[in-house]
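These numbers were taken from a predicted model, which means no experiment stands behind them. Numbers here simply count residues along the sequence, with the first being 1.
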Amino acid sequence: MLFNSLAFLVFLPWVFILYWFGAYKNLKLQNLLVLISSYVFYGWWDWRFLGLIALSTLVDYTLGLTIHATSDTSVKKRWLWLSIAVNLGILGFFKYFNFFIESWVDLLSLLGYQLSSTWTLEIILPVGISFYTFQTMSYTIDVYRGKLSPTRDFISFASFVAFFPQLVAGPIERATNLLPQMLTKRTFSYQQGMEGMRLILWGMFKKVVIADNLAYSVDMIFSTYEELHGGILLLGAIYFSIQIYCDFSGYSDIAIGVSKLFGFELMSNFKFPYFSRNVAEFWRRWHISLSTWFRDYLYIPLGGSRGSQGKALRNIFIIFIVSGFWHGANWTFIMWGLIHALMYIPLFLGKRNRTYLSSVAGEGRWFPSLQELYQMGSTYLFVLIGWVFFRSETLGDAFRYLKAIPTTFQIPLMYKTGIVYVLGLLLMEWFMRKDERNPLMIQPQLVRWGIYLLLTYLILTNMDNRQTFIYFQF
């Protein structure tokens, strides 16, 4: 079920009414309703894949209790590895089976052995499998580490795994944050509800009005790039950078907003990343739930920046390449991760990777300084190069696309219309950049409500251009 669909516009009010009026006094009934609603929401695409969520839920619920009940550390570790093996096994089969088979055939062909890739299967990728797999793994890992006591409430745990607002495209919630909220009585808050509605409105605007309109130009440019001028290709890369940001952050805003309507607080997933002054800051502001997941559950266990500089560099390469591979079974995603690793390492070696931990560009000022403009511009340029690989079908396409940019810069009018969306978004976000969780808090109130009505009108008049969310494929 899509957030930007008529089905969801009918689904959400009914769940809200039943949740707050039908099951208000009974926490278990509320959680049961959340679970049923989540399975309906996910099964709307393909009910057959509900079995995968149920299997992952049952495995980690059982292993969480088993790990906690075991005093022997080596036995605990074996049960933990079983949980990881089951979850990554499911993810690996559905997402990466064909990739490995095809890569193996290609490698053998380079060595002179010609084989057909008859072992590849027509495997349908379950929507959001990378998201809920990582979410449920955080539970058993945190139980193993002693950061969380396992729950015996199966309904609440299953609701945590399948929580419909963020089930298919995040944020990837930690068990330590979301599960305790599942086990605690919720009360409706008008302020929390209004915050949620603003986030939903802003997220829908970014997705429906900006991302979906830019999608047509992006698709056309990337599919016919060999026939187009360099200026159009540069514009296509810029449009894609805004499209993927508005598409993905728009989903996160809606997910966080919908969760607020039901009394839940999810973590922030985006903090205006295109205003970053270096790539380290970019990754503290882009897809935060994934980058912090890899930091806490992969980078730090590998040793992080402790030990020798060589090991630290190794860990940085691993974390970025795995992050790229998480996004999809294609060498273009691995190259995207490698590019970011190569951008990050000079900052790490120069001990500048932890600058800008809390400040924002233009702190206390209307406009950024010339230095900040240069920093943001150069960071965005390198990120833009990475996006070309992310969007391209093959590595060859990406290299040819980039090679063709420094040519004739003729841009037909039909491709220029998207500039309005780009500049409009950047302008609005610049003035909201201090607080991503409270967008559209504009004074005076009369102006704010006028903006609410304008955005609602733009969303409704652009619903016919509806596109699926990009990150559903991951």
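For Gln166 (side chain) and Ile256 (main-chain N/O), no donor-acceptor pair under 3.5 Å exists by modelled atom type. Looking at Gln243, its side chain never comes within 3.5 Å of a backbone N or O of Ala215 through a donor-acceptor pair. Side-chain N or O atoms of Asn269 include one that pairs as donor or acceptor with a backbone N or O of Ser289 at under 3.5 Å. Tyr297 contributes no side-chain N or O that, together with a main-chain N or O of Met137, makes up a donor-acceptor pair within less than 3.5 Å. A donor-acceptor pair under 3.5 Å links the side-chain atoms of Ser291 to the main chain of Trp283, judged by distance alone. For Asn462 (side chain) and Leu458 (main-chain N/O), a donor-acceptor pair under 3.5 Å exists by modelled atom type. Side-chain atoms of Asn31 come within 3.5 Å of backbone atoms of Met182 as a donor-acceptor pair (strictly under, hydrogens ignored). A donor-acceptor contact shorter than 3.5 Å links the side chain of Gln135 to the backbone of Glu173. In this structure, the side chain of Arg186 engages the main chain of Gln181 through a donor-acceptor pair within 3.5 Å. With hydrogens and angles disregarded, a donor-acceptor distance shorter than 3.5 Å links the side chain of Tyr19 to the backbone of Phe262.
Figure legend: cation-pi geometry between Arg433 and Phe275 absent, as NZ or CZ is not positioned both under 6.0 Å from the six-membered ring centre and within 45° of its axis. Stacking of Lys206 on the aromatic ring of Phe248 is not recorded, the 6.0 Å distance cut-off and the 45° axial limit not both being met.
Counting non-hydrogen atoms of other residues, nucleotides and ligands closer than 6.0 Å to CH2 of Trp79 gives a total of 12 or fewer. Residue Glu393 qualifies as open at atom CD: its count of foreign heavy atoms under 6.0 Å is 12 or below. Heavy atoms of other residues, nucleotides or ligands lying less than 6.0 angstrom from CZ of Phe348 number more than 12. Annotation for Leu446: atom CG does not count as buried by contact number, only 12 or fewer foreign heavy atoms lying within 6.0 Å. Heavy atoms from other residues, nucleotides or ligands lying under 6.0 Å from NZ of Lys185 number more than 12.
If you check the side chains of Ser74 and Asp72, you find a donor sitting under 3.5 Å from an acceptor. Ser359 and Arg277 form a side-chain donor-acceptor contact under 3.5 Å, judged by distance and modelled atom types alone. A donor-acceptor pair shorter than 3.5 Å cannot be found between the side chains of Asp153 and Thr151.
The distance from atom CZ of Arg352 to atom CG of Leu347, rounded to the nearest 0.5 Å, is 5.0 Å. Considering CH2 of Trp44 and OG of Ser5, their distance stands at 8.0 Å, rounded to 0.5 Å. With values rounded to the nearest 0.5 angstrom, Ser249 atom OG is found 7.5 Å from Leu425 atom CG. With values rounded to the nearest 0.5 angstrom, Ser156 atom OG is found 7.0 Å from Leu179 atom CG. Of the inter-residue distances, the one linking Leu201 atom CG with Leu453 atom CG reads 9.5 Å to the nearest 0.5 angstrom.
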Assess whether side-chain contact (heavy atoms from CB on, under 4.5 Å) is satisfied between Arg314 and Ile318, documenting all intermediate values.
CA-CA 6 Å; Arg314 178 204 65 184; Ile318 290 173; 4.0 Å; yes

Report the C-alpha distance between Val40 and Phe11 in whole Å, list the side-chain angles of each, state the deciding distance to 0.1 Å, and finish with yes or no for side-chain contact (heavy atoms from CB on, under 4.5 Å).
CA-CA 10 Å; Val40 170; Phe11 169 84; 4.3 Å; yes

Would Thr136 and Thr57 satisfy side-chain contact (heavy atoms from CB on, under 4.5 Å), going step by step from the backbone distance to the final call?
CA-CA 7 Å; Thr136 188; Thr57 300; 5.8 Å; no

Could you go through Arg198 and Asp253, starting from their C-alpha distance and side-chain angles, then the distance that decides it, and tell me whether this counts as salt bridge (charged side-chain N to carboxylate O under 4.0 Å, His left out)?
CA-CA 9 Å; Arg198 281 194 295 270; Asp253 288 342; over 6 Å; no

Apply side chain to side chain donor-acceptor pair (under 3.5 Å) to residues Asn87 and Ser56 and explain how you reach the verdict.
CA-CA 7 Å; Asn87 284 290; Ser56 185; 2.6 Å; yes

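Partner Trp387 forms a ring pair (Phe, Tyr, Trp, His ring centres under 6.0 Å) with one of Tyr274, Trp286, Tyr380, Phe382 and no other, that one being Trp286. Each of Trp293, Phe131, Phe333, Trp336 was checked for a ring pair (Phe, Tyr, Trp, His ring centres under 6.0 Å) with Trp326, and the lone residue meeting it is Phe131.
In this pair, Trp202 and Phe205 present their aromatic rings parallel. The plane angle is below 30°, not in the 30 to 60° band.
The residues Asp142 and Arg174 are annotated as not salt-bridged, no charged nitrogen and carboxylate oxygen being separated by less than 4.0 angstrom.
The closest side-chain heavy-atom distance from Met197 to Leu440 is not below 4.5 Å.
Separation of the Tyr299 and Phe294 ring centroids does not fall under the 6.0 Å cut-off.
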